[in-house]
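To start, the structure under review is shown below, and the notes come after it.
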Amino acid sequence: MPAFPEIDRIAYEGPASKNPLAYRWYNEDEVIEGQTMKDHLRFAVVYWHTFRGTGADPFGSPTMVRPWEDGTDSVENAINRARVAFEFMEKLGAPYYAFHDRDVAPEGETLAESNKNFDAVAAVLKEEQERTGIKLLWGTANMFSNPRYMHGAATSCNADAFAYAASQVKKCLEVTKELGGENYVFWGGREGYQCQFNTDMKRELDHLGKFFHMAIDYANEIGFNGTFLIEPKPKEPTKHQYDSDAAACINFLRAYELTDRFKLNIETNHATLAGHTMMHELDYAGHQDLLGSIDANTGDLMLGWDTDQFPTNFYLTAEIMLMLLKFGGIAPGGVNFDAKVRRESFEPIDLFHAHVGGMDAFARGLRIAAEIRIDGELAAFVTDRYSSWDSGIGAEIEADKADFKSLEAYMLEKAEILPNQSGRQEMLEHLINRYI
Ligand code: XUL
Ligand code: CO
């Protein structure tokens, strides 16, 4: 029996539509900058928030009692939920999904039992993938919920926790490969610390580097060729997460010689928690060729935590899409909705409203970004702003043909620098508004 009998495949109806369950901007087959919107955006639905979110918060019980759940943590219930998840994604028209091992299958009494449960549900996921054509964007292991990871997983003071985490990632890599996953994510939920007095930071980071090398070795052994992604986030749950922002992650990847195989999964709400904009984080990772994928959501600037809201702001999505287009697209990563409906939006239909709104906001952002690029005014301004580097002394410096002595000789002769140009910030902000 379908879980959403009243919903048909969500259709593109164009900007004039007033149907809240239709796309006004996301027309998956429409070609923009030589590629379909579907291929540009590579939307993914997350299993954890969308199919395991309950609306519980530290102050109250679950509000989202899903009619398809039988209230048990059984494999049977997990299999039934998997069928519902695929019905949802198929009706939405989302080409990808992502999961943690423990989202899709229940943790057992032992590691062996957990692995068995995971295999049983993975077989159904595979069947549903084949039935619908929906693909796995990435898999990841949950190494933060169970109390065994209270001090960390790869960065735990307890070597057994490291060993358990390694076993969990080994299994999750096998399943991700089996399901044709295109990437594998590590979000270091407990990889950080609360108190520096009890922490050997250097030793913990060395262990994290070692853990990632073991993951690469095992991936190579089993023939998993997907990109590994680490996900910057500065705080929550720990006071200080090691992967605090794009720059910190990139420094870590370089220090431990991991850049051949690892890239970043950048998330909007994590960027803002780090005191950056999403655009900044994307530019930082992108210009170093380490931008792998994005977790699409938004925070609430009036709240200081990771609210994981669905993005609906065209300004934000246009900024993100400008960056993704600038760096040649996001594949083999995707636009993954690591976002959850509010506690008060407790009805199953709200899952559709949330995703349709988020996907449409990104589609609109893509259209805006493409128009800005076609018109070329913004790019021309930036090119002109740096034109002193295109010839003369600027070109010499960039070509390593100058040193402090030659620059001094040049400046002594010239005596003063050329007049500066205005940065025209207000004009450019106004210009962007023309397209929004
Ligand atoms: C946590 C977060 C995670 C990762 C996957 O803030 O973003 O859901 O995306 O573990
Ligand atoms: Co995330």
Side-chain angles (χ1 to χ4, degrees), residues 42-54 57-58 96-105 107 136-146 149 152-155 165 168-169 172-173 175-176 181-192 208 211-212 215 226-246 248-249 262-274 276 278 281-282 285 291-300 303-311 320 330 333-341 354-355 358 362:
R42 298 169 58 85
F43 287 128
V45 170
V46 304
Y47 217 93
W48 52 101
H49 290 312
T50 300
F51 303 110
R52 303 311 308 272
T54 64
D57 72 10
Y96 286 95
Y97 74 115
F99 63 65
H100 300 86
D101 49 1
R102 304 301 180 239
D103 304 332
V104 290
E107 179 146 20
L136 180 62
L137 185 67
W138 47 263
T140 187
N142 178 331
M143 303 189 292
F144 44 88
S145 296
N146 192 291
Y149 297 125
T155 65
Q168 224 183 304
V169 171
C172 198
L173 276 171
V175 172
T176 301
E182 297 182 24
N183 304 270
Y184 186 91
V185 165
F186 290 98
W187 168 59
R190 304 275 168 196
E191 315 294 26
L208 189 57
F211 193 91
F212 289 155
T227 312
F228 283 107
L229 302 166
I230 56 173
E231 187 173 315
K233 184 177 184 182
K235 54 189 168 188
E236 198 200 24
T238 70
K239 173 188 162 91
H240 194 112
Q241 300 273 142
Y242 289 133
D243 292 341
S244 54
D245 66 0
C249 285
F262 274 74
K263 285 184 162 41
L264 304 189
N265 183 39
I266 308 272
E267 177 164 327
T268 314
N269 206 162
H270 297 177
T272 47
L273 287 176
H276 300 304
M278 182 63 166
E281 290 290 85
L282 293 173
L291 172 57
S293 197
I294 70 165
D295 270 9
N297 60 22
T298 190
D300 184 327
L303 302 173
W305 63 90
D306 194 14
T307 60
D308 280 344
Q309 287 166 239
F310 277 85
I320 294 173
I330 196 67
V335 174
N336 179 52
F337 286 107
D338 191 359
K340 60 185 180 216
V341 289
H355 285 85
F362 262 89

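Note that ligands are numbered from 1 as they come in the structure, with each ligand's atoms numbered from 1 the same way. Since the structure is predicted, the reported quantities are computational estimates derived from the model, not experimental observations. Computation of the quantities below employed the complete heavy-atom set of this structure, encompassing side-chain atoms and omitting hydrogens, waters and symmetry-equivalent molecules.
If you look at D338 and ask which of its N, O or S atoms sits nearest the Co ion (ligand 2), the answer is OD2. No other N/O/S atom of E267 lies as close to the Co ion (ligand 2) as OE1 does. When the N, O or S atoms of D295 are ranked by distance to the Co ion (ligand 2), OD2 comes first. The atom name of the N/O/S atom in E231 closest to the Co ion (ligand 2) is OE2.
With a 4.0 Å cut-off on non-hydrogen atoms, D295 touches ligand 1 through its side chain and not its backbone.
Between F212 and F262, the ring planes are tilted. Angles from 30° to 60° get that label. The aromatic rings of F43 and F337 sit parallel, their planes meeting at an angle under 30°, below the 60° perpendicular limit.
Side-chain contact check for Q241 and T238: at least one donor-acceptor pair (N or O, by modelled atom type) lies under 3.5 Å.
Heavy-atom minimum distance, V341 versus A354: CG1-CB, 3.5 Å. Minimum heavy-atom separation, E236 to W187: O-CZ2, 4.0 Å. Taking all atoms of both residues into account, the shortest heavy-atom contact from N183 to G333 is ND2-CA, 4.0 Å. The two atoms that bring L291 and K263 nearest to each other are O-CD, 3.7 Å, heavy atoms only.
Among T140, D338, D103, the one residue that satisfies the side-chain hydrogen bond (donor to acceptor under 3.5 Å, both in side chains) test with W48 is D338.
For the atom pair OG1 (T298) and CD (Q309), the distance works out to 6.5 Å, reported to the nearest 0.5 Å.
Taking a 4.0 Å cut-off on heavy atoms, H270 registers as neighbouring ligand 1.
Nearest protein heavy-atom neighbour of atom 5 (C) of ligand 1: H100 NE2, 3.3 Å.
The D306 neighbourhood of ligand 1 comprises atoms 6 (O), with distances under 4.0 Å to a heavy atom of that residue. Near D338, the atoms of ligand 1 lying under 4.0 angstrom from a non-hydrogen atom of the residue are 2 (C), 3 (C), 4 (C), 7 (O), 8 (O), 9 (O).
Of the N or O atoms in W48, one or more lie within a sub-3.5 Å distance of an N or O in ligand 1. On a distance-only criterion, K233 and ligand 1 share at least one N/O pair closer than 3.5 Å.
Of the listed options K340, E231, Q241, E231 places a heavy atom closest to atom 7 (O) of ligand 1.
For the Co ion (ligand 2), the set of nearby N, O or S atoms under 2.8 Å includes none belonging to D308.
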